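Each remark here refers to the structure printed beneath this line.
Because the structure is a prediction, the values reported are computed rather than measured. Whatever order the structure lists them in is the order used to number ligands and atoms, beginning at 1.
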Amino acid sequence: MPAAANFACGQASQRISACGVCLRCGNSRRRELRFGLHPRPSWRGWGPKRSRAAKDERLGGFHLPSILAYDLGASSGRALLGRLTDRRIEVEEVHRFGNDPVAVGDRLHWDILRLFHDIKHGLLKAKLAGETPGSLAIDSWAVDFGLIGRGGELLGNPYHYRDRHTDGVMERTTARLTPGRIFGRSGIQFLPFNTIYQLAALKEADSPLLAQAERFLMIPDLLRYFLTGEMHNEFSNATTTQLYNPLLGGWDAELLGDIGIPSSLFGTVVQPGTPAGRLRPSLKEELGIGAIPVYTVAEHDTGSAVAAVPALERDFAYLSCGTWSLMGTEVDWPVITDLAQELNFTNEGGVGGTYRLLKNIMGLWILQETRRTWEKAGLTLGFPELVALAEQAPPLRAFIDPDDAMFLHAGDMPARIARYCERTGQRAPGTPGEIVRCILESLALKYRYVLELTERLSGKRFGGLHMVGGGIQNALLCQWSANAIGKPVWAGPVEGSALGNLAVQWIAQGEIADIWEARKIIRESFPVTNYEPRDGAQWEEAYGRFRALTRLS
Ligand SMILES: C[C@H](O)[C@H](O)[C@@H](O)C(=O)CO
């Protein structure tokens, strides 16, 4: 048990009964927590029960109004119109846009006003398509935020989580507070860009932003505020800050105090599926559209992706595959144990009171940056060409640990891969095909490693792996993942986050009963491609080499 376990009474209690009950507050929730005895949360939908289907002259017959999902990823964003007809979902992408961070001096920022411009553009395009969405919602990457000052003004462009202002902050903060205290109170994995270290970095720098700040809003919270004028902090994203306490069910005032950040900046945390205002009058006027209702959903894109995993089995393993690879399973209660801390797993909030027990894996970011490096050197190759080159390269030659810190920040990935191989006594991949193959094979082998850890930590056994997200368009990665884990991979849907976003809106409006019905409808509406494992002996041998080279215990 992490040193100085803090119980719900918030007191570090030495008087712990054999089974972990706090003799001070008598609270045994921790015991339930520690041994996963918590009763199963209610999956039943929380929305109204009557359908809002109306006569639709254009489509003929009775149809629900379409709804709009904005899914903002670290490299691109999209606006998807969704229609639910006869228990089938149809989607139409009305707007796709880039999400290019902006470097200013040493700082790296998100271009938040540009993103809001694209959100407005998505609404206009829906209108031009003859649609007035019945509702809309936004999901995005995690951890990043904006600070709102007096008069409701945004105090500067949010920092990008790969900005270097957090360098060394996690080390200093965990040394001062101990990892056990932080993990025990948040259940969140230690990553240097977690919101807690971004805020601690601003504090260390005595940032004027903090001095003027009145409210903390994460990226979807902020864009939703721009749309409606209302401020709400949504649950799934709030959990990614490492400042949310799932046992207290709210922001952790103690951890905020520890890093010198006033709790007053943080609003009430609302669950996915909560009505969160309507388009503000100025926007209705500007765009010439109605006061469309806005909902919270699982606004952490990975939370929405997991909501859309078309699993029928209760215990399923998922891999959300994009810039990042997020692998884990869905649990009814956060697993805040010594082993979870030791393996650096995280417990991010999900839909319907669930949690996502998962681990971040560096993902296709390494391939994205490799392509950018070659492009700058005049070698422009698309992902399909890169994958084709990798397929032709000799198999299972050189491996990297994709989660080595040297791959976190932007830069010359091919050079870093060469350095990693030299450091581990391997012949470095030379050609573009060999380099891309090294990246994809290493990701597949890391997926096996993390899947085994997920089984160990959750006590579950998985018959296969559900892969969702843009990364599954890379069929080679899906096949090699199946080969590496030695189990089938079920790949689909591609637009996992956007579909999870739509599903939670429909559940909130009573059109779909609950997340399990949503998963069934998604499964019946979008193709799932099966990849059966091949070349077992080769990949088994490679896994042994990978474990030895990467020293992953
Ligand atoms: C920092 C990443 O955004 C985060 O850990 C990841 O879960 C994500 O949001 C991927 O889009």
Side-chain angles (χ1 to χ4, degrees), residues 69-78 99 101 108-110 112 115 138-145 158-166 170 186-199 201 218-223 234-244 272 297-309 318-330 344-351 355-369 402-403 405 407-410 443 450 467-472 494-501:
Y70 290 97
D71 172 38
L72 311 179
S75 50
S76 65
R78 66 224 112 249
N99 180 14
L108 188 62
H109 293 277
W110 294 107
I112 199 75
L115 286 174
I138 302 166
D139 67 76
S140 89
W141 68 94
V143 297
D144 292 336
F145 59 92
Y159 284 101
H160 187 297
Y161 62 82
R162 292 187 205 269
D163 182 286
R164 310 295 298 249
H165 75 141
T166 50
M170 180 171 76
S186 67
I188 293 297
Q189 65 192 330
F190 291 90
L191 292 170
F193 47 70
N194 285 351
T195 315
I196 183 173
Y197 310 119
Q198 294 195 38
L199 288 167
M218 303 190 78
I219 300 294
D221 300 332
L222 183 59
L223 293 164
E234 184 274 329
F235 168 68
S236 69
N237 227 352
T239 60
T240 70
T241 60
Q242 212 171 22
L243 287 164
Y244 180 90
V297 292
E299 295 189 350
H300 177 200
D301 56 5
T302 311
S304 280
V306 171
V309 169
Y318 54 76
L319 170 58
S320 174
C321 191
T323 296
W324 284 89
S325 288
L326 300 314
M327 176 182 276
T329 187
E330 186 169 77
N344 204 24
F345 265 68
T346 202
N347 294 277
E348 293 169 345
V351 169
Y355 282 80
R356 293 168 283 125
L357 178 66
L358 64 82
K359 206 172 164 53
N360 274 49
I361 300 166
M362 201 68 80
L364 292 167
W365 156 252
I366 302 177
L367 183 57
Q368 292 167 357
E369 270 300 285
D403 297 303
F407 300 119
L408 175 62
H409 292 290
L443 281 174
V450 174
M467 276 176 81
V468 298
I472 68 169
V494 171
E495 294 294 355
S497 297
L499 284 168
N501 178 323

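Annotation: ring-ring contact (aromatic ring centres under 6.0 Å, His included) contacts of His409 (sequence neighbours excluded): none. Remark: Phe190 engages no residue in a ring-ring contact (aromatic ring centres under 6.0 Å, His included) (not counting sequence neighbours). Annotation: ring-ring contact (aromatic ring centres under 6.0 Å, His included) contacts of Tyr70 (sequence neighbours excluded): none.
No side-chain donor from either of Gln198 and Asp163 sits under 3.5 Å from a side-chain acceptor of the other. In this model, a donor atom of one side chain and an acceptor atom of the other lie less than 3.5 Å apart for Tyr197 and Gln242.
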Going through the checks in order, is the side chain to side chain contact (heavy atoms under 4.5 Å, CB included) test met by Tyr318 and Leu358?
-> CA-CA 9 Å; Tyr318 54 76; Leu358 64 82; 3.8 Å; yes

May I have every N or O pair linking ligand 1 to the protein at under 3.5 Å, one per line with atom names and distance?
{"residue": "ligand 1", "atom": "3 (O)", "partner": "Ala142", "partner atom": "N", "Å": "3.4"}
{"residue": "ligand 1", "atom": "5 (O)", "partner": "Asn360", "partner atom": "ND2", "Å": "2.9"}
{"residue": "ligand 1", "atom": "7 (O)", "partner": "His300", "partner atom": "NE2", "Å": "2.9"}
{"residue": "ligand 1", "atom": "7 (O)", "partner": "Thr302", "partner atom": "OG1", "Å": "3.3"}
{"residue": "ligand 1", "atom": "9 (O)", "partner": "Ala142", "partner atom": "N", "Å": "3.1"}
{"residue": "ligand 1", "atom": "9 (O)", "partner": "His300", "partner atom": "NE2", "Å": "2.9"}
{"residue": "ligand 1", "atom": "9 (O)", "partner": "Asp301", "partner atom": "OD1", "Å": "3.2"}
{"residue": "ligand 1", "atom": "11 (O)", "partner": "Asp301", "partner atom": "OD1", "Å": "3.1"}
{"residue": "ligand 1", "atom": "11 (O)", "partner": "Asp301", "partner atom": "OD2", "Å": "2.7"}

